[in-house]
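Down below is the structure, laid out as structure tokens.
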Number of protein chains: 2
Amino acid sequence: MRYSQSTELAIDSLLYMAARPEASDFSVEQVAAAQEVSASYLAKVFQQLVKAGVLRSHRGSKGGYALGRPLSLITLRDIAVVFEGSSPLYECDGYARTCSLGPKCLVKATFDEAERKMHEVLAKVSLQDVVAQAGQEAAWTAAHGCAPLPPPVAVTQADSVGQGGATS
Amino acid sequence: MRYSQSTELAIDSLLYMAARPEASDFSVEQVAAAQEVSASYLAKVFQQLVKAGVLRSHRGSKGGYALGRPLSLITLRDIAVVFEGSSPLYECDGYARTCSLGPKCLVKATFDEAERKMHEVLAKVSLQDVVAQAGQEAAWTAAHGCAPLPPPVAVTQADSVGQGGATS
DNA sequence: GACAATTTGGATAAGCAATGTCCGCATTGA
DNA sequence: TCAATGCGGACATTGCTTATCCAAATTGTC
Ligand code: SF4
Ligand code: SF4
């Protein structure tokens with residue numbers, strides 16, 4: 001059991017956009033390049049986020065994606081449920097087969113409670129909390145000489161290089 | 001994201017054995033028949049439980065499986081980790097790619113905390129708790145005329161209220 | 001209005017882990 | 001010895017996730 005890559009990619013992408021409050025429309029291409037994933041795939045992820053209301057899309061030329069709500073109203077839980085679904089993690093399959101215990105069963109009740117507690121934690125942290133903490137972190141790491149995030153809003157031109165043999 | 005069928009099958013099977021404390025060795029065939037699954041598959045599940053110490057196996061003629069520990073020392077968490085693994089649900093893939101934040105990142109920290117809380121709940125409930133609650137449940141449902149579990153040995157013989165008619 | 005940029009949705013392939021089965025071997029009690 | 005049983009490996013099947021491509025729709029700009 002593991003969170004899908006789509007969930008992690010969505011969070012990182014939203015965080016990328018959240019860290020650049022000045023820009024209003026991000027193209028899939030731009031974000032995909034920053035996250036080092038294919039635009040094809042990220043496009044699908046964004047579509048799901050639009051359907052969920054987390055992103056707003058703007059079609060046509062000069063179009064792109066923007067956050068659909070204030071940062072403080074987008075929690076980690078909101079993003080997770082888009083890709084992981086909201087049906088219970090523990091399905092209680094045996095109930096349909098051999099077991100005649102139902103929702104009253106302590107097994108099912110415990111797993112549901114565990115899942116609820118998990119969601120409770122995720123719902124308490126919004127993207128705003130994350131960027132705020134990242135900002136403090138940035139100040140700390142800057143004092144030690146490492147770059148905490150790809151430089152904000154500084155990416156404009158100067159990307160005519162880069163496509164050569166990357167690895168090895 | 002969902003718990004694997006193996007996890008649910010394991011729990012139901014262990015519960016089946018736990019409800020019959022007199023029998024000491026259960027063959028795969030017997031349990032598989034009760035759970036209405038193939039013996040082939042259940043055998044694989046049991047092998048993993050043996051490796052984890054939850055079950056003890058007894059090879060050879062008259063062999064079978066028995067619980068490896070007292071009921072009170074087998075928690076739902078113990079069973080879950082056998083099939084779901086213990087690595088974090090949120091892998092933080094972007095960390096390896098583009099993100100330079102690490103374990104200090106609030107995203108990762110929050111998901112880890114959520115998972116920890118979840119495990120905390122699961123670790124608090126043992127098989128003993130489940131069978132005890134099922135016993136109480138049995139008394140309650142018996143008064144209403146339904147069969148809560150395939151009649152184990154621990155049922156009071158005081159009242160024989162129409163246990164005959166099984167479902168069609 | 002033509003054009004370019006961009007999202008949308010469908011179709012679909014590739015990859016991978018979970019599911020499910022089979023069979024020969026090892027072990028053990030009778 | 002023999003039968004019953006678990007063990008472990010190999011394998012087939014299935015379904016979901018990942019990933020790509022393309023035609024269509026939309027929209028700003030010239
Ligand atoms: S035991 Fe509890 S969890 Fe397992 S099948 Fe019966 S009801 Fe569902
Ligand atoms: S943002 Fe946090 S979670 Fe996402 S990759 Fe960077 S460190 Fe891992």
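Throughout, a chain's letter reflects where its sequence line sits, starting with A, and its residues are numbered from 1. These numbers were taken from a predicted model, which means no experiment stands behind them.
- By the side chain to side chain donor-acceptor pair (under 3.5 Å) test, A:Asp112 pairs with A:Lys108, sequence neighbours left out.
- If you take CG of A:Leu9 and C1' of D:dA19, they are 12 Å apart, rounded to a whole angstrom.
- As a whole-Å value, the separation of A:Gln48 CD from D:dA19 C1' is 13 Å.
- For B:Ala33, the side-chain contact (heavy atoms from CB on, under 4.5 Å) test picks out no residue, with sequence neighbours left out.
- Separating the CZ atom of A:Phe46 from the P atom of C:dT6 is a distance of 14 Å, rounded to the nearest angstrom.
- Scanning for side chain to side chain donor-acceptor pair (under 3.5 Å) contacts around A:Thr75 gives A:Asp78, with sequence neighbours left out.
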Indicate every side-chain donor-acceptor pair of residues 58-68 of chain B with a distance under 3.5 Å to a residue at least two apart or in another chain.
none

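- B:Gln47 contributes no side-chain N or O that forms a donor-acceptor pair with the base of D:dG6 under 3.5 Å.
- Put simply, OH on A:Tyr65 is 9 Å from C1' on C:dT6, counting in whole angstrom units.
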- Protein heavy-atom contacts under 4.0 Å, written 5' to 3' over nucleotides 25-30 of chain D as B (base), S (sugar-phosphate only) or - (none), form the string BBBB--

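- One atom, CZ of B:Phe26, and another, P of D:dT5, lie 14 Å apart when rounded to the nearest Å.
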Would you mind writing out the side-chain donor-acceptor pairs for residues 116-123 of chain A within the sub-3.5 Å range, not counting sequence neighbours?
from     : atom 1 : to       : atom 2 : distance (Å)
A:Arg116 : NE     : A:Glu113 : OE1    : 3.3
A:Arg116 : NH1    : A:Glu120 : OE2    : 3.0
A:Arg116 : NH2    : A:Glu113 : OE1    : 3.4
A:Arg116 : NH2    : A:Glu113 : OE2    : 3.4
A:His119 : ND1    : A:Arg77  : NE     : 3.2

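- We find that CD of A:Gln30 is positioned 10 Å from P of C:dT7, with the value rounded to whole Å.
- Between A:Val107 and B:Val125 the shortest side-chain heavy-atom distance does not fall below 4.5 Å.
- Rounded to whole Å, the distance from NZ on B:Lys51 to C1' on D:dG6 is 14 Å.
- Partners of A:Glu84 by side chain to side chain donor-acceptor pair (under 3.5 Å), not counting sequence neighbours, listed by chain and number: A:Ser4, A:Thr7.
- Shown here are the side chain to side chain donor-acceptor pair (under 3.5 Å) partners of B:Ser6, two or more places apart in sequence or in another chain: B:Tyr41.
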Check nucleotides 18-20 of chain C against the protein and report each pair of N or O atoms closer than 3.5 Å, with its distance, or say if there are none.
from   : atom 1 : to      : atom 2 : distance (Å)
C:dT19 : OP1    : B:Gln5  : N      : 2.7
C:dT19 : OP2    : B:Ser6  : OG     : 3.2
C:dT19 : OP2    : B:Tyr41 : OH     : 3.4

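- Atom OH of B:Tyr90 sits about 12.5 Å away from atom CD of B:Glu115, to the nearest 0.5 Å.
- Between the CG atom of A:Leu42 and the C1' atom of C:dT8 there is a distance of 14 Å, given to the nearest Å.
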